[in-house]
Amino acid sequence: ALSACGSGGGSADGKDSGHKLTVGFSQVGAESGWRTANTKSVQDAAKKAGITLKFSDAQQKQENQIKAIRSFIQQKVDVIAFSPVVESGWDTVLKEAKDAHIPVVLTDRAVDSKDDSLYVSFLGSDFVEEGKRAGDWLVKEYQGRTDPVNIVELQGTTGSAPANDRKSGFTDVIKADAKFKIVASQTGDFTRAKGKEVMQAFLKSQPKIDVLYAHNDDMALGAIQAIEEAGKKPGVDIKIISVDGVKDAFTAMSQGKINVDVECNPLLGDQLMDLVKKVKAGEQVPRRIKTQEGVFTQDQAAAALPTRQY
Ligand code: GYE
């Protein structure tokens with residue numbers, strides 16, 4: 001029977017001529033609320049699509065992902081899906097998958113490989129665009145003002161696509177106006193604990209901080225604790241721009257502690273399973289599939305909170 005989300009083609013119910021599709025999925029880790037929602041979305045979608053999912057958590061380590069991919073190759077899975085923790089250093093293992101005739105689909109994060117033949121498609125957000133949206137908000141917020149605006153930046157995992165791109169998109173927008181100064185920028189590895197720790201250090205080393213730009217909500221939430229412990233008001237004394245749009249951040253926004261949140265949708269599971277089935281069925285798929293997302297202000301976050309899924 002065709003499943004509700006079936007996309008046509010010979011394997012719409014997850015079966016390929018009588019054989020159940022097996023997908024090896026190498027996940028980044030469990031570093032953030034975004035990631036937890038993404039993992040659940042992928043697992044639920046696989047179940048719904050009748051696909052056997054071999055799930056592997058890399059704990060934010062590239063070497064673990066390479067091991068997982070090699071093990072998927074050995075197990076002869078039908079398709080490998082993975083979210084690369086960093087952008088570089090994948091060519092060797094992806095070549096091994098190619099030689100074994102196992103198609104690879106990238107989800108969430110990209111690789112910087114020059115060889116186009118090493119993966120068939122990339123499904124995920126446009127992180128440069130997210131960084132630009134963060135910058136656009138800031139430019140508007142300080143329109144007509146001339147005083148210097150001191151910004152501290154909490155970067156995501158070093159070398160990851162979202163950290164690289166959210167930084168470059170943001171910088172591209174704010175560099176047009178010399179009043180914006182990034183006075184400190186350091187990685188908080190996308191986690192609350194590191195976000196808090198690095199923000200504590202920023203508060204000690206920087207005499208004047210006007211704005212925090214955090215590459216994800218977990219780091220922003222950790223930083224909020226540091227700011228409050230330092231006797232300052234997050235969202236007021238220090239304006240906070242964040243990315244993701246998870247529930248906990250929307251709650252903080254409704255309390256005035258985060259000023260704006262650039263959405264990044266983690267619910268990629270259904271689209272990913274659809275893509276995997278098409279790839280296995282030999283259908284033509286787009287090289288790049290971008291997810292749709294928006295920007296939330298405090299009022300919008302408060303309104304969206306009751307029905308927010310993640
Ligand atoms: O923004 C962050 C997570 O790759 C888009 O990874 C993802 C990012 C997300 O840890 O919270």
Side-chain angles (χ1 to χ4, degrees), residues 25-42 57-62 64-65 81-88 90 105-112 122-134 153-170 186-199 212-224 240-253 258 260-269 271-272 288-296 308-310:
F25 176 51
S26 168
Q27 177 61 296
V28 168
E31 74 282 3
S32 66
W34 190 100
R35 189 65 53 197
T36 308
N38 179 250
T39 293
K40 185 171 184 306
S41 169
V42 171
D57 175 338
Q59 297 175 317
Q60 297 233 70
K61 290 200 179 79
Q62 180 170 36
N64 292 343
Q65 288 200 294
F82 94 114
S83 172
V85 58
V86 292
E87 288 191 279
S88 308
W90 299 103
V105 168
L106 303 179
T107 177
D108 161 36
R109 296 185 184 178
V111 299
D112 65 3
F122 167 38
L123 162 70
S125 306
D126 183 339
F127 301 133
V128 175
E129 182 56 38
E130 290 170 352
K132 284 188 180 158
R133 288 176 182 161
E153 180 181 33
L154 281 170
Q155 293 184 42
T157 301
T158 305
S160 70
N164 292 341
D165 295 354
R166 286 172 186 164
K167 182 174 187 51
S168 72
F170 181 76
Q186 218 177 292
T187 181
D189 216 10
F190 282 132
T191 68
R192 279 191 203 209
K194 283 254 179 78
K196 179 174 181 184
E197 195 183 300
V198 176
M199 190 67 204
L212 162 66
Y213 172 40
H215 288 188
N216 84 338
D217 286 341
D218 285 78
M219 294 190 295
L221 291 163
I224 285 172
I240 302 182
I241 305 171
S242 186
V243 186
D244 276 355
V246 299
K247 242 188 199 159
D248 285 356
F250 275 22
T251 302
M253 281 178 91
I258 293 175
V260 67
D261 210 337
V262 177
E263 186 181 36
C264 181
N265 187 1
L267 306 180
L268 304 176
Q271 268 178 297
L272 177 62
R288 178 75 173 100
I289 305 169
K290 283 186 194 175
T291 35
Q292 297 287 325
E293 31 220 25
V295 175
F296 286 84
R308 198 75 181 156
Q309 284 182 65
Y310 51 90

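Numbering of ligands and ligand atoms starts at 1, following listing order. Just so it is clear, the model here is predicted, and its values are computed rather than measured.
In Lys247, the NZ atom is crowded: over 12 heavy atoms of neighbouring residues, nucleotides or ligands sit closer than 6.0 Å.
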Step-by-step side chain to side chain contact (heavy atoms under 4.5 Å, CB included) determination, Thr191 to Asp218 = CA-CA 5 Å; Thr191 68; Asp218 285 78; 5.7 Å; no
ask   = Given Glu129 and Glu293, is the side chain to side chain contact (heavy atoms under 4.5 Å, CB included) satisfied, shown in steps?
value = CA-CA 10 Å; Glu129 182 56 38; Glu293 31 220 25; over 6 Å; no
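Between His215 and ligand 1, no pair of N/O atoms sits closer than 3.5 Å.
Counting only N and O atoms by type, the side chains of Asp108 and Gln27 include no donor and acceptor under 3.5 Å apart. One side chain, Glu153 or His215, offers a donor N or O that lies under 3.5 Å from an acceptor on the other.
Assignment of Asp244 to the shell around ligand 1 is supported, since a heavy atom sits closer than 4.0 Å. Asp108 counts as a contact of ligand 1, since one of its heavy atoms falls under 4.0 Å from the ligand.
Annotation for ligand 1: atoms under 4.0 Å from non-hydrogen atoms of Cys264 are 5 (C). The contact set between ligand 1 and Ser32, taken as ligand atoms under 4.0 Å from a residue heavy atom, comprises 2 (C), 3 (C), 10 (O), 11 (O). Atoms of ligand 1 found under 4.0 Å from any heavy atom of Pro162 (numbered from 1 in listed order, with element): 4 (O). Applying the 4.0 Å criterion to heavy atoms of Phe127 picks out, from ligand 1, the atoms 5 (C).
Atom 6 (O) of ligand 1 has its closest protein heavy atom at Arg109 NH2, 2.8 Å. Summary of contacts: the protein heavy atom closest to atom 10 (O) of ligand 1 is Glu31 OE2, 2.5 Å.
Heavy atoms of Arg166 found under 4.0 angstrom from ligand 1 belong exclusively to the side chain.
Residues Arg288 and Ser125 share a closest heavy-atom pair of NH2-O, 2.9 Å.
Taking the six-membered ring for Trp and thresholds of 30 and 60 degrees, Phe250 and Phe296 have ring planes inclined between 30 and 60 degrees apart.
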